[in-house]
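A short worksheet on the structure shown next.
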Amino acid sequence: MDLEARFERTIASEQRVEPRDWMPEGYRKTLVRQIAQHAHSEIIGMQPEGNWITRAPSLRRKAILLAKVQDEAGHGLYLYAATETLGADRADLTEKLITGRQKYSSIFNYPTPSYADVGVIGWLVDGAAICNQVPLCRTSYGPYARAMIRICKEESFHQRQGYELLLTMMAGTDAQRAMVQESVDRFWWPALMMFGPPDAESTNSEQSLAWRIKRDTNDELRQKFVDMTVPQAEKLGVTLPDPELRWNAERGHHDFGQPDWDEFWQVVKGNGPAGAQRLAHRRKAHEDGEWVREAARVHSEKKRGVE
Amino acid sequence: MDLEARFERTIASEQRVEPRDWMPEGYRKTLVRQIAQHAHSEIIGMQPEGNWITRAPSLRRKAILLAKVQDEAGHGLYLYAATETLGADRADLTEKLITGRQKYSSIFNYPTPSYADVGVIGWLVDGAAICNQVPLCRTSYGPYARAMIRICKEESFHQRQGYELLLTMMAGTDAQRAMVQESVDRFWWPALMMFGPPDAESTNSEQSLAWRIKRDTNDELRQKFVDMTVPQAEKLGVTLPDPELRWNAERGHHDFGQPDWDEFWQVVKGNGPAGAQRLAHRRKAHEDGEWVREAARVHSEKKRGVE
Amino acid sequence: VDGLFEGCLALGDDALVLAQRLAQWCSRAPELEEDVALANIALDLLGQARLLLTRAGEVEGAGRGEDALAYLRDEREFRNVHLVEIECGPLVGGDFATTIARLLVFSSWRLAVFTRLCGHADPVLAAIAAKGVKELAYHRDHAAQWVVRLGDGTEESHRRMTAGFERVWPYVPELFDADPMVDMADVRSEVDSVVDAVFGAAGLERPSVGPASRVNGRAGRAGVHTEAMGYLLAEMQYVHRSLPGARW
Amino acid sequence: VDGLFEGCLALGDDALVLAQRLAQWCSRAPELEEDVALANIALDLLGQARLLLTRAGEVEGAGRGEDALAYLRDEREFRNVHLVEIECGPLVGGDFATTIARLLVFSSWRLAVFTRLCGHADPVLAAIAAKGVKELAYHRDHAAQWVVRLGDGTEESHRRMTAGFERVWPYVPELFDADPMVDMADVRSEVDSVVDAVFGAAGLERPSVGPASRVNGRAGRAGVHTEAMGYLLAEMQYVHRSLPGARW
């Protein structure tokens, strides 16, 4: 049996492809791009919430938030490690990130001007990420699937923490409730955009579905997210800012409006409200750290020489 | 009549020495050093109060404070101009300041951790400076005396503004009164140190008195300051932190305790609580501005070339 | 007058926030003369802010004075454009050239707006505008002179001046959002010609970077700010807020 | 126990303020692994701060919990040493080497202090100390490894590591001020020998800069802080203070 046929059979029988297995170059490339993009998202995703660590309004919230942002760095590490099993190099991927040649999730190009955003990101953004990621726990490439299992577990924990912060704030003062609503108003549409453009306009999807790198279409996942989120919003006591949002008994799903896709494409193109800032921040951290990484390398070479 | 005799006569008759006049090299050097030190003090003195501009608690206080710190930059400019009439070069003096070869008033090496410090610096520090400076309006060197007349006028205005801030705070809440007292507790002794070490330990003074660059001894000025300040403190309702402070009817002056002269010498040596910070701040501003000054020079040369 | 409260608030917040940014240069300017000049400009803007916020409070009629508006509003109630709040140096986010780039664009725009407001139906706003016109003309000329010096100066200053404009350019379009008080298309063409003339004299090219996109169409004028704003307000308001009931 | 409130407050404030400083590195470390490590250290210190401030509040008996102590005290009521509050990077005041220099000195000192507090008469403080000892040993070793790497690495890293120690050195003596709970002369000799051993392995010299002098003899432990502290507190406390009555 030839390599390609064996690969196809592995995929078809829902078994996992492992690093030592033969795989088509297109599969490898698609995976590296997708996992790297996911890793970059975790790293850039540290910034919008990291923005609030020094200003968290209680010591308990400060500890929760710092631990969460630290987890994101950890997720980035697992995912970069998964790309390395495919022959990629972390330094090279980082270079592609900071020069804008590889993307990350556009949601992180939105600013976090309010402490309520910490809760709303946990609830809506992590919630949307989980909808996107749970199917990836069954993705065909083994190291990626295993990383996703661990990541999804932690993300669910983060989502619950975010929702719990919002419940606490909604049970607080009028000012706190207003903060939560204002944040939901800002993040609702960007959260819907996290599933990507409508299926009709999406590229790359078909092959990824066939290879079981991806397992659901953008629109399927978006619908799932909306259906899941509406009762949570009701429980919380916030209004989702979509006048078209209503239950459709016939479909057994919620109908809802469309995000502003022009804004979406602008943000993807790098003109997001905080896009330049995010990349500049990452680039500066990387460049400022160059002398440290270089010193560590030289030191370890010296040590190896001596021993 | 020889030059030296004519110079001595000018001094003795309380007339002014002007830039075009002959003067002994020691007189010139002493003056340059003293005026430069005074200019440096104005420039470094922008920092302790400048520290509060962005945090001033009312817009009116913000405007008053910004204008005051701006005046200090202006004073620095007049004084550097006065040194230039003696053949000194501003760039060279700045170099001496940022490399620590010329001093500035040690009082500015104390930190300003409270907004009340803005008022207390106005009241006590500007007050002490005025005691030191009013006699300099009659100093023998013309350009210096004229700069001092202008500076003293503005300093008196600043002193009144500082005292007025304190009056307002003392008429405010308990927290405000506590802030004022805490600030007075910190600044009282450093303010007394502004007159320099006791006459018995002071160097340089005799010749300066003879040349009428200086007109009173350190101890005379310190006594004058204490006598002037005690009734102001009473009116304000603050306690000066000196258990030995009391009226001596026999002397017709207040008796008072001695500052910690060990601390004084440590601060003069550059180990003041904020000493390293003040110099580093000035040095960074100067170095960060180098490319701007260079560009301005090149541009003006190009323009001159064209015209 | 309709929209007068919002108009005074927006123009007042612009001035207040930029004054705060410029005040950060105090004791950090490239030369003493420039320290004095930047403080002057900050003082002018602070003065404009005080008059405009006071007027906004009077129009609102809810008893809020300049300090209540400056110190006790939350971030989402501030109406300034993003251009004035972003960091442009001296500490982070830019340098002297970036600060000058912002000042040129902002003061050219504000001068054009104030010129038109001199004839506003509200006599107080008209008077504030008339007073501000002289100040803003000086700010604009000061900035323009520096742009020319730095654009024309050394290779490094040219590079920094170019980078400075690239940094601020994405925030420029918000200045021209439609406004009930002033014809912004008209203002835009005036500002364009001023800025183009300065670019010409400085040997600089107009930057080609696109506008920063918005959050569901909202930016500073709608109370959605960049992340720099929260830190700016924390610093500005902290003392005032931590001493409730105090008089200053 | 006499002085227990003050002791818990001082050690709690040290940890809280340094955690705040270290948290500023989050997303700015030289590599991802170090981002994780610095966050871990900050989390440990934050945990210690919470326990110590809670204990201080219990001992005081005035109903103040960890948040009342962290968010509602004014600057002059904070009792941390200057070493933890000064800026050592990443934004201003230093770089990664400066941060590591501070961490080495601070964690060596705190480990020596906590080791001695394991036998303290207050069982709560003794338990906090016992838990902290393991954490601090890790912090100290982490810092020591970096000091050796950077001291021994490149010319640039050696220069920066030297400058980092010179930056923090004036603030070291305050750590050894007499304390009713611990024999500080003893702590000093332990810290000296640890630090000297690390300097030896790293090829660094003990800095020769003198101690920062005090304000009428007072420094951080007496509530007189450096100018960096006010900005740190404004940032840390602003949200809490601007939403009075809120629960979190």
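Everything quoted here is computed from the prediction, not taken from an experiment. Order of the sequence lines fixes the chain letters, A, B, ..., with proteins taken first and strands second; residue numbering starts at 1 for each chain.
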**Asked** Can you say whether D:R21 sits under 4.5 Å from chain A via the side chain, the backbone, both, or neither, judging by heavy atoms?
**Response** neither
**Request:** Name the region of A:R61, side chain, backbone, both or neither, that has any atom closer than 4.5 Å to a heavy atom of chain D.
**Result:** side chain
**Request:** Give the member of A:L59, A:L77, A:D71, A:D288 that has the highest number of heavy-atom pairs under 4.5 Å with chain D.
**Result:** A:L59
**Message:** Is any side-chain heavy atom of A:R186 closer than 4.5 Å to one of A:S114?
**Reply:** yes
**Item:** Contact class of D:A29 relative to chain A, heavy atoms under 4.5 angstrom
**Value:** backbone
**D:W25 versus chain A, the contacting section by heavy-atom distance below 4.5 Å** = neither
**Prompt:** With a 3.5 Å cut-off and no angle check, do the side chains of A:H281 and D:S27 form a donor-acceptor pair?
**Reply:** yes
**Residue among A:A63, A:A73, A:G172 with most heavy-atom pairs under 4.5 Å to chain D** = A:A63
**Request:** Answer with yes or no whether the side chains of D:T226 and D:E85 bring together a donor and an acceptor at under 3.5 Å.
**Result:** yes
**Prompt:** At a heavy-atom separation under 4.5 Å, does D:L243 approach chain A through its side chain, its backbone, both, or neither?
**Reply:** side chain
**Prompt:** So do the side chains of D:H82 and D:M229 get within less than 4.5 Å of each other, counting heavy atoms only?
**Reply:** no
**Asked** Which region of A:I43, side chain (C-beta onward) or backbone (N, CA, C, O), has a non-hydrogen atom less than 4.5 Å from a non-hydrogen atom of chain D, or is it both or neither?
**Response** side chain
**Request:** Sort D:Y238 into side chain, backbone, both or neither according to what part of it lies under 4.5 angstrom from a heavy atom of chain A.
**Result:** neither
**Asked** Under a 4.5 Å heavy-atom cut-off, does chain A meet the side chain of D:L46, its backbone, both or neither?
**Response** side chain
**Request:** Would you please name every residue forming a ring-ring contact (aromatic ring centres under 6.0 Å, His included) with D:F106, sequence neighbours left out?
**Result:** D:W109
**Message:** Under 4.5 Å from any heavy atom of chain A, what part of D:P90 do you find: side chain, backbone, both or neither?
**Reply:** neither
**Complete:** If one checks every heavy atom of D:A246 against chain A at 4.5 Å, the contacting part turns out to be both
**Message:** Could you report the tightest heavy-atom contact between D:A56 and D:L69, atom names first, then the distance?
**Reply:** CB-CD1, 4.3 Å
**Asked** Are side-chain N/O atoms of A:D185 and A:Q181 paired as donor and acceptor at under 3.5 Å?
**Response** yes
**Request:** Say whether A:H158 and A:E72, considering side chains only, have a donor N or O and an acceptor N or O under 3.5 Å apart.
**Result:** no
**Complete:** Looking only at A:V292, A:T168, A:T173, most heavy-atom pairs under 4.5 Å shared with chain D are made by A:V292
**Message:** What part of A:K62 gets within 4.5 angstrom of chain D, counting heavy atoms only: side chain, backbone, both, or neither?
**Reply:** both
**Asked** Checking heavy atoms, do the side chain of D:D152, its backbone, both or neither come under 4.5 Å from chain A?
**Response** both
**Prompt:** Between D:L38 and chain A, which part of the residue has a heavy atom less than 4.5 Å away: side chain, backbone, both or neither?
**Reply:** neither
**Request:** With D:R73 as the cation and D:F78 as the aromatic partner, state whether NZ or CZ is under 6.0 Å from the six-membered ring centre and within 45° of the axis.
**Result:** yes
**Prompt:** Do other residues, nucleotides or ligands put more than 12 heavy atoms under 6.0 Å from D:E77 CD?
**Reply:** yes
**Message:** Heavy-atom cut-off 4.5 Å, strictly under: side chain, backbone, both or neither for D:L232 against chain A?
**Reply:** neither
**Prompt:** What part of A:R90 gets closer than 4.5 Å to chain D, counting heavy atoms only: side chain, backbone, both or neither?
**Reply:** side chain
**Asked** Quick one: does D:Q48's side chain get under 4.5 Å of D:K131's, heavy atoms only?
**Response** no
**Request:** Examine whether an atom of D:N40 lies under 4.5 Å from a heavy atom of chain A, and if so say whether it belongs to the side chain, the backbone or both; otherwise answer neither.
**Result:** both
